[in-house]
**Student:** 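Here it is, the structure in full.
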Amino acid sequence: MLPTAFQRFWNLFKVDTEDMTLVRAQYAAFSRQIPLLYFILVTNTLSGIFTFAQQAPAWIAVWVPLAICAVCVVRAVWFIRNRNKTFSDAEVVRLMRVTTKLCGLLTLSFTLWGLFLFQYGDPYARGQMVFFISMNVIGGAVCLMHLRAAAMSVIFIANVPFVAYFLSRPEQTLWALATNLALVSFSMVVVLLTYNRDFAKLVASQTETRRLSDENFRIANLDTLTQLPNRRWFFDTLASLHQRAHSGFFRGEEARLAVGIIDLDGFKPVNDTYGHATGDRLLVEVGKRLQGICGDGISLARLGGDEFAILVTGQVSTDGLKSLGRRIASTLRLPYQIGAAKAQIGSSIGFALYPDNAGTPDMLFERADYALYYAKRHQRGGTVLFSAEHEAQIRDDSSIEQALKAADFERELSVVFQPIVELGSQRVVGMEALARWNSPTLGHVSPGIFIPAAERIGLIVTLTRTLLRKALAEAALWPEEVRLSFNLSAYDLSSSESVISILAAINGSRVAPARIDLEITETAVSQDAEAARAAVDTFKALGVGISLDDFGTGFSSLSHLHSLPLDKLKIDRSFVTDICTNPASFKIVKSLTALCADMGLTCIVEGVETGEQLELLSSLGATFVQGYYFAKPMSGEATRAYLGVVAEPEEPTILRLQS
Ligand code: C2E
Ligand code: MG
Ligand code: MG
């Protein structure tokens, strides 16, 4: 019992190192106050020297205290100089122990000095000595409040000898003084211990608050599905890395920074076919594979959906980025086994470099996004680094967008028509409407350019409505047996507003819905499969036919054949161009025509330019063809002449247009 109580009491004089966070907080608090303590000690001692210099021998009245003061000054200077330095845990513990020991030693020196001098002084001087000791003890206890062991040493080492000395004296005043000193010391110990406990609790609660806020920060920056850093983290990190590279501290390759955006090709069909749970697991697996590739100097994040991003720092070179892109693409292309489902996807990557391509973080991201957009359109599955040509392209794009915004669609847009021919009978069974734009500022602009531009700036719905009205007005003049094919963009399928606008145009025309085919592309379907499916169902309900255009150029062609109620399939002209010279193209067209026959779909082969191609196609059993061999796209008037439409008398036409 006694030894444990004594042990506990003894422990109050030791530096407790169990909780290092607390120890560090204690060190931070007392190291700021300790120069002040030395200041109190030195001024106190100097006033003692002043009082006793005439009453006691010089060595004890002056030289000894000056020597102790010198030690105090050295320590104070050390603490002031090192106040902003960061120490390791071991160093902090060592400093606390050294300080505790030194404080004990200094207190002992001052106490012995005081006791020794006590005999020399007159009553005033003795009174001052008691004041000196009390001040030192109070100053020590207050300034060392956070370093309990040192404060305890100061209180005990200073007071016990004095109390004992005063009690041993015959003067009753000194007994009263001794009792007073003992009681005040006891109170100080109580205050000290209470304060220490409260300080420990405060630090613990601050640590918990910090832990919670760290945890909140972690969660706020984490993508819950893949456990990768998220979009917020990515943009924050991009900003700080850019700041670092921009600071001018890093030189050459070190000062470069690359942003890479990775977009999965063919992820949506996996989601649509196997369900969202499988899609989610696929994304987790993609995250893991990407993590496996990202080494030092590469940070990875998921931006959302099937889009990931990387930040490359350190030795950034264009060759390095290209090979990194190739590694990513080949790793992500390997098959995925998710439960019973086996999936295969691809990925396209766009990179932009700081400072080569952009100066600000936002711009850098935009440029990487452009490079990705370029890869998706022209180099699917590849890695594209933003270049000077892209820069020029962006300028062109923006001038096209400006002109398109200012365009008078009614006047500047027109439709031309290209016949679709039945091979056996050489009969024209339909006409495909193709958009033309003659801009007063830019001249003729190809639909391959202005249609994506209209999609980007949100004008496609108005554009489609104008073109469809014009095409229907022409088709109303053709023989009943000639159908009209009309191209729709992905955006035309994605909103109910555009679908209603198309239905209204068809219903408001003099062309029966059964004479119309709407051409949709695979990209349109893969962009938003659900919306595309709903739109296609609505069109089918009206009685129009649906053709899948540019077949074979998309990513997951076969899954769309299953999921959509299609009537026709158009084999892309890229397979026909070299059908006579490239055995691969020949085989593709052969199997696609066979596939159409199997599935009961009408097959139209696009881009036939020569008789040789035509012969080969008819040997493969192709039934419907389209291409320059028969006719180039022609104006409404030329189409009417081509179809042998007899011009109607003028008056009724005018009346009809007015009505
Ligand atoms: P598409 O629907 O596949 O149209 C066929 C394209 O191939 C047309 O190009 C046509 O002029 C061209 N073509 C036809 N036969 C031959 C041939 O034998 N040889 C060669 N080299 N080319 C041939 P165009 O008119 O430049 O249209 C390009 C694309 O723009 C179209 O491809 C279509 O995707 C899009 N487009 C055209 N008009 C519209 C429209 O009104 N709305 C929408 N959303 N897209 C349209
Ligand atoms: Mg087409
Ligand atoms: Mg086509």
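Numbers for residues simply follow the sequence, beginning at 1. Indexing begins at 1, ligand by ligand and atom by atom, following the structure's order. As a basis for the values below, the full set of heavy atoms in this structure was taken, side chains included, without hydrogen atoms, waters or symmetry mates.
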**Student:** Give me the ring orientation class for Phe386 and Tyr370: parallel if the planes are under 30° apart, tilted from 30 to 60°, perpendicular past 60°.
**Tutor:** perpendicular
**Student:** Is Arg573 touching ligand 1 with its side chain, its backbone, both, or neither, if touching means heavy atoms under 4.0 Å apart?
**Tutor:** side chain
**Student:** How long is the gap from OG on Ser495 to CD1 on Ile460, to the nearest 0.5 Å?
**Tutor:** 11.0 Å
**Student:** Which ligand 1 atoms, with their elements, are less than 4.0 angstrom from a heavy-atom of Pro633?
**Tutor:** 11 (O)
**Student:** Please give the atom name: the N, O or S atom of Asp549 nearest to the Mg ion (ligand 2).
**Tutor:** OD2
**Student:** For Val511 versus Leu472, what's the shortest heavy-atom pair and its separation?
**Tutor:** CG2-O, 3.5 Å
**Student:** Write the atom name of the N, O or S atom in Glu432 that is nearest the Mg ion (ligand 2).
**Tutor:** OE2
**Student:** Please state which option from Phe630, Tyr629, Phe486, Tyr628 has its nearest heavy atom closest to atom 13 (N) of ligand 1.
**Tutor:** Tyr628
**Student:** With no hydrogens and no angle check, is any side-chain donor or acceptor of Arg377 less than 3.5 Å from a backbone partner on Arg380?
**Tutor:** no
**Student:** Under 4.0 Å from any heavy atom of Gly607, which atoms of ligand 1 are there?
**Tutor:** 16 (C), 17 (C), 18 (O)
**Student:** Looking only at N, O or S atoms in Glu606, which is nearest to the Mg ion (ligand 3)?
**Tutor:** OE2
**Student:** Could you tell me whether the side chain of Gln613 and the main chain of Ile579 form a donor-acceptor pair under 3.5 Å?
**Tutor:** no
**Student:** So, are Lys376 and Asp265 salt-bridged, with charged N and O less than 4.0 Å apart?
**Tutor:** yes
**Student:** Is atom 29 (C) of ligand 1 less than 4.0 angstrom from some protein heavy atom?
**Tutor:** no
**Student:** Pull out every atom of ligand 1 sitting under 4.0 Å from any heavy atom of Ala435, numbered as shown with elements.
**Tutor:** 37 (C), 38 (N), 39 (C), 40 (C), 41 (O)
**Student:** The Mg ion (ligand 2) is nearest to which N, O or S atom of Glu519?
**Tutor:** OE1
**Student:** With respect to Asn487, determine whether any N or O atom, backbone or side chain, lies less than 3.5 Å from an N or O atom of ligand 1.
**Tutor:** yes
**Student:** With a cut-off of 4.0 Å, which atoms of ligand 1 are near a heavy atom of Leu467?
**Tutor:** 41 (O)
**Student:** Hey, does the side chain of Arg333 reach the backbone of Gln344 with a donor-acceptor pair shorter than 3.5 angstrom?
**Tutor:** no
**Student:** For Ser489, does its backbone N or O pair with a side-chain atom of Asp492 as donor and acceptor, under 3.5 Å?
**Tutor:** yes
**Student:** So, regarding Asp492 and ligand 1 (criterion: nitrogen or oxygen to nitrogen or oxygen, under 3.5 Å), is there a contact or not?
**Tutor:** no
**Student:** So which of Asn487, Leu569, Ile520 actually passes side-chain contact (heavy atoms from CB on, under 4.5 Å) with Asp549?
**Tutor:** Asn487
**Student:** Backbone, side chain, both or neither: what part of Val608 comes under 4.0 angstrom of ligand 1, heavy atoms only?
**Tutor:** backbone
**Student:** Checking Arg289 against Tyr336: charged group under 6.0 Å from the ring centre and within 45 degrees of the axis?
**Tutor:** yes
**Student:** Among Ser485, Ala471, Ala490, Pro447, whose heavy atom sits nearest atom 27 (O) of ligand 1?
**Tutor:** Pro447
**Student:** Specify whether the nearest protein heavy atom to atom 9 (O) of ligand 1 is under 4.0 angstrom away.
**Tutor:** no
**Student:** Check each atom of ligand 1 against the heavy atoms of Asp549 and keep those under 4.0 Å away; list them by number with element.
**Tutor:** 1 (P), 2 (O), 3 (O)
**Student:** Nearest to atom 20 (C) of ligand 1, what protein heavy atom do you find, and at what distance?
**Tutor:** Glu609 OE2, 3.2 Å
**Student:** Using distance alone, with no hydrogens and no angle criterion, decide if Ser317 and Asp319 have a side-chain donor and acceptor under 3.5 Å apart.
**Tutor:** no
**Student:** So if I count the atoms of ligand 1 from 1 in the order they appear, which ones are less than 4.0 Å from some heavy atom of Ser489?
**Tutor:** 44 (N)
**Student:** Counting each atom of ligand 1 from 1 as listed, which ones have a heavy atom of Gly627 under 4.0 Å away?
**Tutor:** 15 (N), 18 (O)
**Student:** Is the closest N or O pair between Leu434 and ligand 1 shorter than 3.5 Å?
**Tutor:** no
**Student:** I need the contact type for Arg436 against ligand 1. Using non-hydrogen atoms and a strict under-4.0 Å cut-off, is it side chain, backbone, both or neither?
**Tutor:** side chain
**Student:** Indicate yes or no: does Glu519 engage Lys568 in a salt bridge with an N to O separation below 4.0 Å.
**Tutor:** no
**Student:** Do the side-chain N and O atoms of Thr521 and Asp550 include a donor-acceptor pair separated by under 3.5 angstrom?
**Tutor:** no
**Student:** Tell me, please: is Lys632 in heavy-atom contact with ligand 1, that is, under 4.0 Å?
**Tutor:** no
**Student:** Between Tyr274 and Arg281, is any side-chain donor less than 3.5 angstrom from a side-chain acceptor?
**Tutor:** no
**Student:** Is there at least one pair of N or O atoms, one from Gln418 and one from ligand 1, spaced under 3.5 Å apart?
**Tutor:** yes
**Student:** For atom 32 (O) of ligand 1, is the nearest protein heavy atom closer than 4.0 Å?
**Tutor:** no
**Student:** With Lys632 as the cation and Tyr628 as the aromatic partner, state whether NZ or CZ is under 6.0 Å from the six-membered ring centre and within 45° of the axis.
**Tutor:** yes
**Student:** If I consider every N, O or S atom in Asp550, which one ends up closest to the Mg ion (ligand 3)? I only need its name.
**Tutor:** OD1
**Student:** Would Lys570 count as a contact residue for ligand 1, given that I'm defining contact as a non-hydrogen atom of the residue lying under 4.0 Å from a ligand atom?
**Tutor:** no
**Student:** Atom CD of residue position Gln393 - does it have more than 12 heavy atoms of other residues, nucleotides or ligands inside 6.0 Å?
**Tutor:** yes
**Student:** Within Asn487, is some N, O or S atom less than 2.8 Å away from the Mg ion (ligand 2)?
**Tutor:** yes
**Student:** Taking heavy atoms and a distance under 4.0 Å, where does Asp550 meet ligand 1: side chain, backbone, both or neither?
**Tutor:** side chain
**Student:** Just by distance, with hydrogens left out, do Ser501 and Arg465 show a side-chain donor and acceptor under 3.5 Å apart?
**Tutor:** yes
**Student:** From atom 39 (C) of ligand 1, work out which of Ile451, Thr464, Asp572 has a heavy atom at the shortest distance.
**Tutor:** Ile451
